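Here is the structure we will look at.
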Amino acid sequence: MKKTLSAALLTSFLSLAAAQTAPAPAPTPPTGPGSYGGTVSGLDLMDVDFMFIGAHPDDDGGISATIARYALDQGYKGTVITLTGGEGGGNATGRETGRAIGLIREEEERRSLAMLGVDSPHFLGLTDFYFTLSAEETERKWGGQAFVCDVIRLVRLRRPEVLVTMWPGPGTHGQHQMAARAATLAYNYAGDSKYCPQLEKEGLAPFTPLKLYYYPPSAETATVSIPTDDLSRTARVRYADLKSMANHHYRTQGWDNSNTLPARTANPETFMLVASRVPTPEKETSLLDGAFIGATSSPAGLRLEARPKSYEIGAGQPSEVTVSFTNTGKEPLEGTLLRLAAPQGWTVAGAGVVRTLAPGESTSTTFKVTSPTDAKADRTPLTASYSAKIGTQAVTGRTLTYVRPVPAVVASFTPTFDIAGYQAFARETGTDWVIGNQATRLPLVLGQVTPVKITVTNRSAAPASGKLDLTLPAGVTAKEIPSYTLKPGESQELTVNVEATKAALPADRQSALLPVVLGTGDFKDTANAYVLPSLTIPRAAKAPTIDGDLSDLTGAGGTFGPADLWWRTKPENDADASATFKLAYDDQFLYVGLSVKDELVACNIAPDDVKAQLRSDAIGVTVDPSGGSRDTSTTLMAAAFPCTTAGFGARGFRDADANQGVMEDTAPGMQVASRKTDAGYDIEFRIPWAAMPVSSGGGQPKPGSTIGLNLVMYDGDTKDARVGANISQSGIAWAAFSWGGKQALPYLWPRVTLGQ
């Protein structure tokens, strides 16, 4: 059936292309690295020119048009490494789960990539578990760093000059982060025989990739943009349409519903050049620039690198930058000279030696760069270049590196563990310049004093003293701003006690994301303050009956509505999607009741297909019994559909934590019930403390304990929705932050105190 569908869509493609002007003949495939011509060994057979490294089948979907441009039309060879089979994802086409859905998703990716010209993808078979935003949890689940050598094995075997991967830092899926970190390590160390020494025993020689690209974390950080609105020579349709056709195969993820013919949009695909060992043009137009395509007047493949001793340098203080160059060509390079240029007002000391480089010969020069003493603490590009002659022909090329000048005294917010972990990785791999000024996260609980840690460092040779400058948003106050006194080279950690009040919340919002700025002189550091609701809930004098009637649930509560959006489309009004809630507890259970307004309640989930709450109308209750979990592995995430295809009557389960499944199996003693109302439905939960993860210090909290708890509402306003279809349209929550903060980051959940 899938083949028939693909053929029909391809026929549509060809019909669309009929009105187009006939394209020019495809260029002659390259005969250099990556060519299959004259295969004499297994390595020749495996050799490719570019490689994408992702975590799940469909992760390559964002660069499908670029893959097709190079592999399908330009004769280059490419491959994809997918670390998992995507078993933790949803299934919009059936009821298969676990390894079964993984096998289906792998096949979807094979068919998608085949349309783009990639016929030999690789699957490492790592565990794809529940949704996480934690790189640390991912690494733990994957058994440490051993999988990195599995990636490097494939890099050495397939020998790609260009690596493309995802974003390695917080703000995205934890498995995406680890895939990108593995790709970064492969770029740095696949050419180092000391790294993964067991691979040499397999007969694999070291191989050094030439370029590394990330998905950019923002539009502003993209360095190259590849169009999708022009015509594919082979498919005879726009690359955007070919991309839509290929992504249509990812049906288990519901992509067949959003990928149309013609494609709804033809946006360019953007990338961020993170590292390069070859000269690149000032404005890149291809990921292959410098590796296979000559950069300006520089022959392809010549090696040019610039590496600062440190990304952060003292303002007004000299810092070393080493520029190295290798003649990888077949002709001598005469009069070879290396240079380094800095912005106006900076000084560069040092001079390269003019010399002739024989084929395979290298040279390097170390320069000392000094910024003005009043330079802004911004990422600053330095341009390294070479010039030489091949016979009578002048050749030259350039590349960039970056430094950040910082003043003598610097104060910065102590980052949360996840941002600190990524910063350490970036420093170790020489990619810290891509972080930019990524703000740390400050969870501030409404009505409570939160100690905020600040690190002050004196880089100068003289003592330093002063007072911190803290700019807070309205509704957020600091009890006292501390001063500092530092010896030369000393660092000190200070604490500022900060309190957020309801005045900090925007209209109709229960939570807020606000900037906080810390200053020492002209140096500024910015943090994102996450203002979280809080509530003290009573001990239930009498256990309520779990029947969907909330009248016997006496507790403390609140509301949330359209303004508390975290997912997709904002509901039109309170009648479209909103909720009031009540919470209570006793020695055995946590009680949760919600009165939900929803003009159209969808009941398209079968009673024996209860999983993945975001597929339809549902309520989620996330509980961190310890109040200190770093990820969802030590939480209980209860959920319930208010109705099923069998009619009204809630079905409960656990979703996106370490013990997923129907409540009877994963949370014995849990009960849910619902009732249809004129405005929508009422739903209530009884969640046993005994089902809470004990490893987090959870289990049964004592009176006076503070736990993390969020309430999440999913809304899908699709009338007569197909049974089992993913109709997710909107998501609102008591504490609402995008990209999983409402669900997958326990430290951004509201704080609930158990009353005495």
Side-chain angles (χ1 to χ4, degrees), residues 510 533-561 574-575 577-598 601 603 607 610 613 617-623 625 636-644 646-654 662-664 667-692 699-714 732-734 750-756:
Q510 316 308 311
S534 63
L535 191 66
T536 297
I537 65 174
R539 176 192 289 271
K542 180 180 179 182
T545 302
I546 308 303
D547 56 3
D549 180 353
L550 306 184
S551 61
D552 62 342
L553 175 55
T554 302
T559 65
F560 55 95
D574 283 353
S578 63
T580 61
F581 65 88
K582 291 187 288 185
L583 303 172
Y585 83 101
D586 60 24
D587 289 341
Q588 290 184 289
F589 302 105
L590 172 70
Y591 301 102
V592 182
L594 297 97
S595 183
V596 175
K597 290 184 179 180
D598 185 357
V601 182
C603 302
V610 178
Q613 54 192 303
D617 288 340
I619 295 294
V621 182
T622 70
V623 186
L636 184 147
M637 302 183 67
F641 296 113
C643 56
T644 67
F648 232 86
R651 289 286 288 122
F653 55 102
R654 290 175 66 170
V662 294
M663 64 185 186
E664 292 84 359
M670 177 175 161
Q671 290 184 359
V672 297
S674 63
R675 287 190 180 186
K676 186 76 177 70
T677 66
D678 291 340
Y681 59 92
D682 290 345
I683 188 169
E684 60 184 330
F685 294 74
R686 186 187 78 174
I687 305 173
W689 296 118
M692 304 285 178
Q700 183 177 334
K702 299 178 181 178
S705 299
T706 296
I707 65 176
L709 188 152
N710 203 8
L711 302 173
V712 184
M713 175 181 174
Y714 301 83
I732 59 176
W734 185 22
R751 300 290 112 175
V752 170
T753 300
L754 306 186
Q756 299 289 339

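Source: prediction; values computed, not measured. Computed over heavy atoms, backbone and side chain alike; hydrogens, waters and symmetry mates excluded.
- Side-chain atoms of L594 and T580, non-hydrogen and from C-beta on, never get closer than 4.5 Å to each other.
- Interatomic distance, W689 CH2 to D586 CG, rounded to the nearest 0.5 Å: 9.0 Å.
- A donor-acceptor contact shorter than 3.5 Å is absent between the side chain of D574 and the backbone of G561.
- V596 has its side chain out of reach of D617: every pair of non-hydrogen atoms, C-beta onward, lies at least 4.5 Å apart.
- Side chain to side chain, T753 and T706 meet the donor-acceptor criterion of an N or O pair below 3.5 Å.
- Judged by distance alone, the side chain of R654 and the main-chain N or O of L636 form no donor-acceptor pair under 3.5 Å.
- Considering only heavy atoms from C-beta on, V601 comes within 4.5 Å of C643 through its side chain.
- For the pair L535 and L709, the minimum side-chain heavy-atom distance is 4.5 Å or more.
- Between F641 and C603, every side-chain heavy-atom pair lies at or beyond the 4.5 Å cut-off.
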> Should D587 and R539 be marked as a side-chain contact (heavy atoms from CB on, under 4.5 Å) after you check the CA-CA gap, both sets of side-chain angles, and the distance that decides it?
Replying inline: CA-CA 8 Å; D587 289 341; R539 176 192 289 271; 2.8 Å; yes
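- Contact check on R651 versus E664 returns a salt bridge, with a Lys/Arg side-chain nitrogen under 4.0 Å from an Asp/Glu carboxylate oxygen.
- Across all non-hydrogen atoms, the minimal contact from D682 to S595 is OD1-OG, 2.8 Å.
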> Stepwise, does the side-chain contact (heavy atoms from CB on, under 4.5 Å) test hold for I619 with F581?
Replying inline: CA-CA 11 Å; I619 295 294; F581 65 88; over 6 Å; no
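- Between the CZ atom in R675 and the CG atom in L550 there is a gap of 9.0 Å [rounded to 0.5 Å].
- Scanning both residues, F589 and P688, for their nearest heavy atoms gives CD2-CA, 3.5 Å.
- A donor-acceptor pair under 3.5 Å is formed between the side chain of E684 and the backbone N or O of G548.
- Expressed to the nearest 0.5 Å, how far CD1 of I546 lies from OG of S674 amounts to 12.0 Å.
- Within the model, atoms OG of S534 and CZ of R751 stand 10.5 Å from one another, a figure rounded to the nearest 0.5 Å.
- Rounded to the nearest 0.5 Å, atoms CG (L583) and CH2 (W734) are 6.0 Å apart.
- Contact record, A638 with I687: CB-CD1, 3.9 Å, taken as the closest heavy-atom pair.
- For the atom pair OG1 of T559 and CD of Q510, the computed distance is 4.5 Å after rounding to the nearest 0.5 Å.
- Residue K582 qualifies as enclosed at atom NZ: its count of foreign heavy atoms under 6.0 Å is above 12.
- In terms of heavy-atom proximity, A584 sits nearest to G555 at CB-CA, 4.3 Å.
- A pairwise comparison of heavy atoms in L553 and Y591 identifies CD1-CB, 3.8 Å as the closest pair.
- Under the 3.5 Å distance criterion, the side-chain polar atoms of T536 are left unmatched by any main-chain donor or acceptor of G755.
- In plain terms, the two heavy atoms of P642 and A618 that are nearest each other are CD-CA, 4.1 Å.
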>> For M663 and F653: C-alpha separation, side-chain torsions, deciding distance, then whether side-chain contact (heavy atoms from CB on, under 4.5 Å) applies.
In response: CA-CA 4 Å; M663 64 185 186; F653 55 102; 5.5 Å; no
>> Evaluate V623 against V752 for side-chain contact (heavy atoms from CB on, under 4.5 Å), listing each step before the verdict.
In response: CA-CA 10 Å; V623 186; V752 170; over 6 Å; no
